[in-house]
Amino acid sequence: MFNNILAPTDGSGFSNKAVATAARLAKSLGANLLLLHVRSPIETPHHVEGGAMSNLGGQAVMREIEDEERQLLDAAQDLAASEGVKAGTAFVAGYSTYETIIRIAGEQHCDLIVMASHGRRGISGLLMGSETQKVLTHTTIPVLIVR
């Protein structure tokens, strides 16, 4: 049925629940699981300390960001492993999170995207929008939403 499952993660409790669900599903189907984190590209890295903004060495800040992303993906990978699944990981820079998720899903021939819903409703959901809603609206790939 599904051979390649993509589970985007931001490290939140909501996305961790979606990762665990994706891992259980991948295990039951014998499918591959790819964990993805999308970050916004940073042209000029800045660091805020004590209210003053100072321009730090770009390479040092980028290494710190990449270390945080690696930890986030390692935690998601550990979560998948605890469900009995060995998952691949990727982090990608993209100005539009939902477009990047859809692009990577296509490039990796994913036939299912498993995403979290933060459960915002009413005016809050309308105003804040949702990457999950945008993926759901703009992709032809099936999307499983975990709440």
Side-chain angles (χ1 to χ4, degrees), residues 1-48 53 56 58-147:
M1 178 179 232
F2 298 113
N3 298 310
N4 296 300
I5 299 172
L6 176 69
T9 182
D10 63 7
S12 69
F14 291 110
S15 70
N16 286 343
K17 186 175 178 183
V19 166
T21 299
R24 286 191 298 275
L25 185 58
K27 182 178 181 182
S28 70
L29 297 173
N32 299 313
L33 178 60
L34 176 63
L35 306 171
L36 172 68
H37 177 66
V38 180
R39 71 166 157 86
S40 177
I42 298 174
E43 300 294 332
T44 308
H46 286 83
H47 180 71
V48 176
M53 187 169 279
L56 296 178
Q59 290 180 346
V61 172
M62 292 310 294
R63 272 194 308 274
E64 186 176 314
I65 289 169
E66 288 175 5
D67 287 346
E68 288 174 7
E69 289 169 337
R70 174 57 43 210
Q71 290 171 10
L72 181 147
L73 285 170
D74 286 349
Q77 201 169 32
D78 290 346
L79 186 57
S82 74
E83 298 289 345
V85 174
K86 182 175 177 159
T89 63
F91 62 86
V92 179
Y95 287 106
S96 170
T97 301
Y98 84 90
E99 289 176 336
T100 303
I101 291 168
I102 293 169
R103 179 177 58 82
I104 297 299
E107 289 175 0
Q108 297 301 311
H109 308 289
C110 294
D111 42 24
L112 179 66
I113 301 170
V114 178
M115 294 184 73
S117 169
H118 291 164
R120 293 184 188 102
R121 296 180 185 193
I123 205 76
S124 171
L126 181 65
L127 293 175
M128 296 180 77
S130 161
E131 295 304 318
T132 300
Q133 182 65 38
K134 291 173 191 170
V135 169
L136 191 59
T137 303
H138 292 91
T139 189
T140 58
I141 299 169
V143 179
L144 174 64
I145 301 172
V146 178
R147 287 185 78 178

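- In terms of modelled atom types and a separation under 3.5 Å, the side chain of Asn4 and the main chain of Asp111 share no donor-acceptor contact.
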List the atom pairs, donor and acceptor, that lie under 3.5 Å between side-chain atoms in residues 67-74 and the rest of the protein, sequence neighbours left out.
from	atom 1	to	atom 2	distance (Å)
Glu69	OE1	Arg39	NE	3.1
Glu69	OE2	Arg39	NE	2.9
Arg70	NH1	Thr89	OG1	3.4

Step-by-step side chain to side chain contact (heavy atoms under 4.5 Å, CB included) determination, Ile102 to His138: CA-CA 8 Å; Ile102 293 169; His138 292 91; 3.7 Å; yes
Residues Leu35, Gln77; criterion side chain to side chain contact (heavy atoms under 4.5 Å, CB included); working and verdict: CA-CA 7 Å; Leu35 306 171; Gln77 201 169 32; 4.3 Å; yes
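- Here the closest heavy-atom approach between residue Leu6 and residue Ala105 is recorded as CD2-CB, 3.7 Å.
- In plain terms, the two heavy atoms of Ala31 and Ile5 that are nearest each other are CB-CD1, 4.0 Å.
- Nearest heavy-atom pair across Pro8 and Ile113 is CD-CG2, 4.0 Å.
- Counting only distance, with no hydrogens or angles, the side chain of Glu83 and the backbone of Arg24 share no donor-acceptor pair below 3.5 Å.
- The two residues Ala23 and Val85 have their closest heavy-atom pair at O-CG2, 3.0 Å.
- Applying the side chain to side chain donor-acceptor pair (under 3.5 Å) rule to Glu99 yields the partners Ser96; only residues at least two apart in sequence or on another chain are considered.
- In this structure, the side chains of Leu25 and Leu144 come closer than 4.5 Å at one or more pairs of heavy atoms.
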Steps toward side chain to side chain contact (heavy atoms under 4.5 Å, CB included) verdict (Thr9, Asn16): CA-CA 7 Å; Thr9 182; Asn16 286 343; 4.2 Å; yes
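- Shortest non-hydrogen contact noted between Phe14 and Ala116 is O-CB, 3.3 Å.
- The two atoms that bring Leu33 and Ala22 nearest to each other are CD1-CB, 3.8 Å, heavy atoms only.
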Criterion side chain to side chain contact (heavy atoms under 4.5 Å, CB included) on Val38 and Glu131, from CA distance to verdict: CA-CA 11 Å; Val38 180; Glu131 295 304 318; over 6 Å; no
